[in-house]
Every structure is written in structure tokens, then in C-alpha cells.
2 protein chains.
Amino acid sequence: MKKITIGEAARRSGVKVPTVRYYESIGLLAAPSRSEGNQRSFEPADISRLAFIRHARELGFEIEAIRTLLTLQDDPHQSCASADAIAKARLAEVEQRIRSLMALKAELEIMVEGCGHGRVDQCRVIEVLADHDQCTHSHH
Amino acid sequence: MKKITIGEAARRSGVKVPTVRYYESIGLLAAPSRSEGNQRSFEPADISRLAFIRHARELGFEIEAIRTLLTLQDDPHQSCASADAIAKARLAEVEQRIRSLMALKAELEIMVEGCGHGRVDQCRVIEVLADHDQCTHSHH
DNA sequence: CCTACATCCTCTAGCGACTAGAGGTGCAAG
DNA sequence: CTTGCACCTCTAGTCGCTAGAGGATGTAGG
């Protein structure tokens, strides 16, 4: 088998080189074998694992959640109830975050629209920040 | 004038006690005068400033942006162009983040719906994570 | 006045998930 | 053989706090 260097692994998985080493250091990725010159030599399976991690991170899963998802992947006979629960929890988080950001968006739009582009003492941006009661929503 | 303790200031502004000290340490809030026993003694203006900071943080502004907004508030004769620019930039960020989260939401929903609640080797959650090509959107 | 207790003080270290940099070694091409 | 990139380890920094240690101060009741 051909040796996959860390740079190659990074390029193929889309995870940065220092991040690969970081994942190894926290035990998310098994320590690969080393070449004579002490350089890491990865297997194709490591690339898949890194891609899995990267994808999960992009979806906003936390490292500990990914650790659980990975142990599930490692043992395909387990029930996928935990995977389902993790994904559902993440979905709920995302939905909550979207709602919250929509409220922020509305408030920021009011601030920006109200700005007369004059001096600060007439600026709605500063004014709204200073006085919470001017918020349309009591979201936060 | 009556002395406002840090606990009182925290309660009135909605900023936690250690956070008030932290804001002072990074120069976001001027160091208040001290009592005989070396305890901080705040002015009403400090409470307003803290409330301003808190509100801006809730809206997701970064500390450095808030620092700029505060210097604008301190000098009301300045043009509010920078305040406007900061708020606009934040609005753009929020809009981008919402778009991104909507895409995530869609993907998570597909994962969760596809889960047959059986074993991991038939689980759509794990499967989608392992294979990025199964994503409906190429958002990330 | 004494005691209990809450609140205050400073300082350091930790969180998550990396990222940056120093200082050194390995390796392949020209 | 030398150039130059990729690799190695290790430490420290990022952001915005938060937690805890260990001690001083302030207040209310007995």
C-alpha cells in the first residue's frame, strides 16, 4: 500500500493539516503508523473518517457528539437510536437559532433603516442599543 | 450620591458580576472609583453603559465593534456613518448565517426523516455524514 | 462586641475548537 | 549538494467569558 502523508490526507479530506493532528491528539482519529523518518502514514479509512468528521463539523455537531456518532459507525449492529437523537437535538438547536436570528435581523433592519446618516445624536443605531425598551421583540 | 456596588450594577444592567470586571479589565468600561475597603463604586452612567454593551452583545456584535460603537456614543457630534456601517455589516452576517442554517436544517431534516430507527448500518444519519455527495445542497 | 454570612477582592486556569509560530528534521528535484 | 517544501513537536494565543482558590469587607442579628 502506498503511504498517505498528512498533507495528502488533509487535501483529500478537506481537513487542515494542524486540525488532523489536533483530532489525533484528542483521540477522535487513531494515531496512524509512522514512516522511518517519523512521519505519519494514513490509510484510506482514515480519510473517510476525517471526511465524516469534517461533514459533521460543518453541520455544527460538537466534537463530543461526533465522538458518539463515530463509535456508532464503528459498530454497525448497534441501534441507531442515539444517532437519531443526536441529529434531532441538533435540528432543534438549528431551528431555535434560526428563530433567534430572524428576530435579530428584524431589529437590525429597523436600526439600519432608521439611520438618518447624520450625526450620532440622531442615530437610531446607537439609540436602540442604548435603550432596550425600543426593541420590537423581547427575544433576548 | 449613593454607592452602587458591583452586585447592584450587575443586577440592574443584566451583566454578570465577573463579566463586569472582565469588561473593566479590557477597557470597555472605565475603572470606577473605590470605597475605603477597595470595593468598586459605580455611577448610574456605568449602568447605562453596561446595558448598552449587553444589548449589543445580545445582538451578536463583537467586542471590538462595541468598542467602536461606544466611542461614537461618547462623542455625539461625530457622523454616524461608522455606526451605520457596523450595523449593516452585522445585518449581512446575520442574513448569511440564516441562509446557511436553513440549508443545514433541510439537510438535518432529510437525515432524521430517513432514519428507520433500526440498526446503524441502515441509518441515514450515519450514511449521510459519511458521504458528503448525498447532500442535497452543496452549501458547505 | 461578636459571630455568621453574603458579598466583595485578586489571581490563575479552563472552556471549545482550533490556529499561529518557533525551532528543528525529512525528503525529492535539479 | 543544495534548495526548498513538507513534515515533526511543543507552546501559546484566539474569543468572551466562567469557575475556583484564598482572602478581605460589609451587614444583620444576638
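Naming convention: chains lettered A, B, ... in sequence-line order (proteins, then strands); numbering from 1 in each chain.
The CD atom of A/E8 sits 15 Å away from the C1' atom of C/dA28 (whole-angstrom rounding). Counting to the nearest Å, the P atom of C/dT19 and the CD1 atom of A/I63 are 11 Å from each other. Going from atom NZ of B/K3 over to atom P of C/dT7 covers 16 Å, rounded to whole Å. A/E24 places its CD atom 12 Å from the C1' atom of D/dT9, with the value rounded to the nearest Å. Note: CD1 (A/I4) to P (D/dA6) measures 18 Å, nearest angstrom. Regarding B/R67, its CZ atom lies at a distance of 11 Å from the P atom of D/dC15, rounded to whole Å. In this structure, CD of A/E36 is placed 15 Å from P of D/dC8, rounded to the nearest angstrom. In this structure, B/R34 places its CZ atom 13 Å from C1' of D/dT25, rounding to the nearest Å.
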Full working for salt bridge (Lys or Arg N to Asp or Glu O under 4.0 Å) between A/E62 and A/R57: CA-CA 7 Å; A/E62 290 173 5; A/R57 285 295 299 136; over 6 Å; no

From CA spacing to verdict: side-chain contact (heavy atoms from CB on, under 4.5 Å), A/S82, A/L72: CA-CA 8 Å; A/S82 351; A/L72 291 172; 4.0 Å; yes

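At a threshold of 4.0 angstrom between heavy atoms, the contacts of B/E62 are confined to the sugar-phosphate backbone, with no base atom among them. Nucleic acid contact for B/Y23: sugar-phosphate only, since backbone atoms but no base atoms lie under 4.0 Å from a heavy atom of the residue. Residue B/R40 is classed as a sugar-phosphate contact, given heavy-atom separations below 4.0 Å to backbone atoms only. Using a 4.0 Å heavy-atom distance criterion, B/R57 is classed as a sugar-phosphate-only contact.
Set against D/dC17, C/dC8, D/dC8, the side chain of A/R21 has D/dC8 as its closest nucleotide. The listed nucleotides are D/dT25, D/dC17, D/dC8; the one nearest the side chain of B/Q39 is D/dT25.
Remark: side-chain polar atoms of B/H55 are not paired, donor with acceptor, to backbone N or O of B/L50 under 3.5 angstrom. Proximity of a side-chain donor or acceptor of B/R97 to a complementary backbone N or O of A/L101 within less than 3.5 Å is not detected.
In terms of position on DNA chain C, the residue among A/S35 and A/F61 whose nearest nucleotide sits closer to the 5' end is A/F61. Nearest-nucleotide mapping onto DNA chain D: of B/E64 and B/G37, the residue sitting toward the 5' end is B/E64.
Taking a 4.0 Å limit (strictly below) on heavy-atom distances, residues 9-19 of chain A reaches DNA chain C at A/K16, A/T19.
Remark: B/E24 does not engage B/R21 in a salt bridge, criterion side-chain N to carboxylate O under 4.0 Å.
When side chains are defined from C-beta on, A/E93 does not count as touching A/K88, because their heavy atoms never get closer than 4.5 Å. Counting only heavy atoms from C-beta outward, the side chains of B/T5 and B/E8 approach each other to under 4.5 Å.
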